[in-house]
Amino acid sequence: MRFSIKSLLPFLGMFAVIFLFHFTDLIVLKFYPPIVNFCLFLIFFSSIFQEKTVIQKMALLMEPDANEAVMSYTRKLTYVWAAFTFVNFLVSFWTVFLPEKIWAVYNGCISYILVGCVFIIEYIVRINFKRKHG
């Protein structure tokens with residue numbers, strides 16, 4: 001069994017975050033959610049300019065013979081996630097400068113509820129899409 005440096009990156013990242021939480025001032029930690037949201041935005045947004053978006057690539061892993069309607073739907077879904085993650089980034093960045101309770105409620109609760117709502121809405125839309133397009 002071989003290990004590569006790439007397989008250790010998530011663990012190194014986890015330890016870096018733990019280190020930040022343990023040894024830094026709170027204001028630095030408040031920037032963690034905006035950074036994560038901005039990185040997610042960059043992943044979705046940058047994939048829009050590729051032949052296949054990140055969501056299209058995931059869809060092709062599940063359905064290698066996906067038709068053009070599915071590819072169109074998943075490209076549009078990438079736009080939705082890019083927009084959502086950008087708005088979530090803006091709000092989480094704004095909360096950095098607000099009282100800690102507001103920051104904690106938004107970044108520890110509300111943002112997760114919003115992500116869940118987007119997932120649920122997308123799932124319902126996907127079910128209706130599959131009924132319509134087979």
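Residue V115 is not grouped with residue Y112 when hydrophobic side chains (ILVMFWY) are merged at heavy-atom distances under 4.5 angstrom, including chains of intermediate members. No continuous path of ILVMFWY side-chain contacts below 4.5 Å connects W103 to L98, so the two sit in separate hydrophobic clusters. Transitive grouping of hydrophobic side chains (ILVMFWY, heavy atoms separated by less than 4.5 Å) brings F86 and L42 into a common cluster. Following chains of ILVMFWY side-chain contacts shorter than 4.5 Å, one cannot reach V87 starting from W94, and the two form parts of different hydrophobic clusters. Under the 4.5 Å side-chain heavy-atom criterion for Ile, Leu, Val, Met, Phe, Trp and Tyr, F119 and I113 are members of distinct hydrophobic clusters.
With values rounded to the nearest 0.5 angstrom, F44 atom CZ is found 10.0 Å from F84 atom CZ. Of the inter-residue distances, the one linking I102 atom CD1 with I110 atom CD1 reads 9.5 Å to the nearest 0.5 angstrom. With rounding to the nearest 0.5 angstrom, the NZ atom of K76 is 13.0 Å from the CE atom of M71. One distance of note links CG of L29 with CZ of F31; it measures 11.0 Å at 0.5 Å rounding.
The two residues Y73 and E122 have their closest heavy-atom pair at OH-OE2, 2.6 Å. Summarising the geometry of I48 relative to R75, their closest heavy-atom pair is O-NH1, 2.9 Å, with the distance given to 0.1 Å. What you find for A59 and T74 is that their closest heavy atoms are CB-CG2, 3.8 Å. Contact between Q56 and E51 at its shortest, heavy atoms only, is OE1-O, 3.8 Å. Of all the heavy atoms in Q50 and K57, the pair that sits closest is OE1-NZ, 3.1 Å.
The local environment of CZ in F97 is crowded, with over 12 non-hydrogen atoms from other residues, nucleotides or ligands closer than 6.0 Å.
Sorted by first then second residue, the side-chain hydrogen bond (donor to acceptor under 3.5 Å, both in side chains) pairs that include residues 77-86, not counting sequence neighbours, are T53-T78.
When atom types are taken as modelled, the side chain of S72 and the backbone of A69 share no donor-acceptor pair closer than 3.5 angstrom.
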> So C39 and I35, side chain to side chain contact (heavy atoms under 4.5 Å, CB included) or not? Walk me through it.
Replying inline: CA-CA 6 Å; C39 289; I35 291 169; 4.3 Å; yes
>> Quick one, V70 with N67, criterion side chain to side chain contact (heavy atoms under 4.5 Å, CB included). Give me CA distance, side-chain angles, the key distance, then yes/no.
In response: CA-CA 5 Å; V70 171; N67 61 27; 3.3 Å; yes
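With N37 as reference, F89 is the one residue of F93, F89, Y32 to meet the side-chain contact (heavy atoms from CB on, under 4.5 Å) rule.
Y106 and N88 are linked by a side-chain donor-acceptor pair at a separation below 3.5 angstrom, with hydrogens and angles left out of the test.
A perpendicular orientation is assigned to the rings of F45 and F49, their planes being inclined by more than 60° (bins at 30° and 60°).
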